[in-house]
2 protein chains.
Amino acid sequence: MPEYCPITYSMKVLGSKWKIPIIFKLMIEDGQHYNHLKRMIGDNITNFMLTKSLRELEADGLIIRHDDHQVPPSVTYHLTPLGKDLAMTMNQLFDWGQELYSNKEKNSSNSIDHLKQQ
Amino acid sequence: MPEYCPITYSMKVLGSKWKIPIIFKLMIEDGQHYNHLKRMIGDNITNFMLTKSLRELEADGLIIRHDDHQVPPSVTYHLTPLGKDLAMTMNQLFDWGQELYSNKEKNSSNSIDHLKQQ
DNA sequence: CGGCATCCGCATGGATACTG
DNA sequence: CAGTATCCATGCGGATGCCG
């Protein structure tokens, strides 16, 4: 059964744990090498998950894997136009995330204020 | 350890399976009753998951639960301003999802074309 | 350098039955 | 009508080790 809602479909493609960080890093600097990407993400991603995520992003047409066929291996990853089109949406999600966060902070401090008044 | 990236934070809040459909339905028609919402989503969501999702969305400040304290029970769910602020982002994700989908279709038909040429 | 193979724990989500 | 309470399956993601 196909996925009819484009939003749900987008969430499926972007929703796994490391996809957004990867795309975000490639937006900052396109054409990064595997290990450079890994270091930028923070080194807490395993090789397995990084490779898996990159292959899926490639299959979904968001990035392109460029292999120089050298020894030692040299592979770079680039955003496709489709991948780059995510920039605007990312910015909006970023802004909304900050709003969400400050909203939560506000609620927390309200609870603290409530305690202080006792 | 807090979540420092607002985008990743947003994805955590919106990422579970039924959150987006729920918000989307409330955008179409705000103030829906529990069972009406359930029917609109398609009846394949269980009571357990719907309740769980609604409670989490409420805790995150995206929706408000309004209980009329009647017998029989009458409960409606409304989007908060924060929830409504998602509309623009949703629209962009919708457009991008369609782009993503047509991109995939194109690749599929290319494969078919390739086969046809043999 | 840029991966892949394997095993495994745990969280997410589903099925079913029951209730104020 | 609007939920709860349990139990259970699956799959995502992590840990570790090996490879061309």
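Each chain gets a letter, A, B and so on, in the order the sequences are listed, and its residues count up from 1.
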Please name all residues satisfying side-chain hydrogen bond (donor to acceptor under 3.5 Å, both in side chains) with [X], sequence neighbours left out, ordered by chain then number.
| X | answer |
| --- | --- |
| B:Ser74 | B:Asp68 |
| A:His78 | A:Thr76 |
| B:Thr51 | B:Tyr34 |
| A:Tyr77 | none |

**Message:** It should be established whether B:Tyr34 places a side-chain nitrogen or oxygen under 4.0 Å from OP1 or OP2 of nucleotide D:dT4.
**Reply:** no
Short side-chain N/O contact from B:His33 to OP1 or OP2 of D:dC1, under 4.0 Å: no
May I ask you to test the A:Gln92-B:Leu93 pair for a side-chain heavy-atom distance under 4.5 Å?
no
Exercise for the section: Decide yes or no for B:Lys25 and B:Leu37: does some side-chain heavy atom of the first lie under 4.5 Å from some side-chain heavy atom of the second? Expected result: yes
Sorted by number, residues from residues 50-72 of chain B placing a heavy atom under 4.0 Å from DNA chain D are B:Thr51, B:Arg55, B:Arg65
Sorted by chain and number, sequence neighbours left out, salt bridge (charged side-chain N to carboxylate O under 4.0 Å, His left out) with A:Arg55 holds for none
Residues at least two apart in sequence or cross-chain that pass salt bridge (charged side-chain N to carboxylate O under 4.0 Å, His left out) with A:Lys19, listed by chain then number, are A:Glu56
Heavy-atom pair with the smallest gap, counting every atom of [X] and [Y]:
| X | Y | result |
| --- | --- | --- |
| A:Lys38 | A:Asn47 | NZ-OD1, 3.0 Å |
| A:Leu79 | A:Met27 | CD1-CG, 3.6 Å |
| B:Gly97 | A:Ser10 | CA-OG, 3.1 Å |
| B:Ile20 | B:Leu14 | CG1-O, 3.7 Å |

The contact string for nucleotides 15-20 of chain D, one letter per nucleotide 5' to 3', using protein heavy atoms under 4.0 Å with B, S and - for base, sugar-phosphate only and none, comes out as B----B
- Query: Transitively linked via ILVMFWY side-chain contacts under 4.5 Å: B:Ile41 with B:Phe48?
  - Reply: yes
| Between the main-chain N or O of A:Lys52 and the side-chain N or O of A:Trp18, is there a donor-acceptor pair closer than 3.5 Å? | no
So the salt bridge (charged side-chain N to carboxylate O under 4.0 Å, His left out) pairs with at least one residue in residues 72-95 of chain A (sequence neighbours excluded) are none
Separation of D:dC1 atom P from B:His36 atom NE2, nearest Å, is 12 Å
A:Ile45 CD1 to D:dC12 P, in whole Å, measures 15 Å
One would report the end-axis bend of the helix from C:dC1-D:dG20 to C:dG20-D:dC1, five pairs per end and rounded to 10 degrees, as 60°
The first and last nucleotides of DNA chain C lying within contact of chain B, meaning any atom under 4.0 Å from one of its heavy atoms, run from C:dG13 to C:dG20
The correct set of residues in residues 17-26 of chain A placing a heavy atom under 4.0 Å from DNA chain C is none
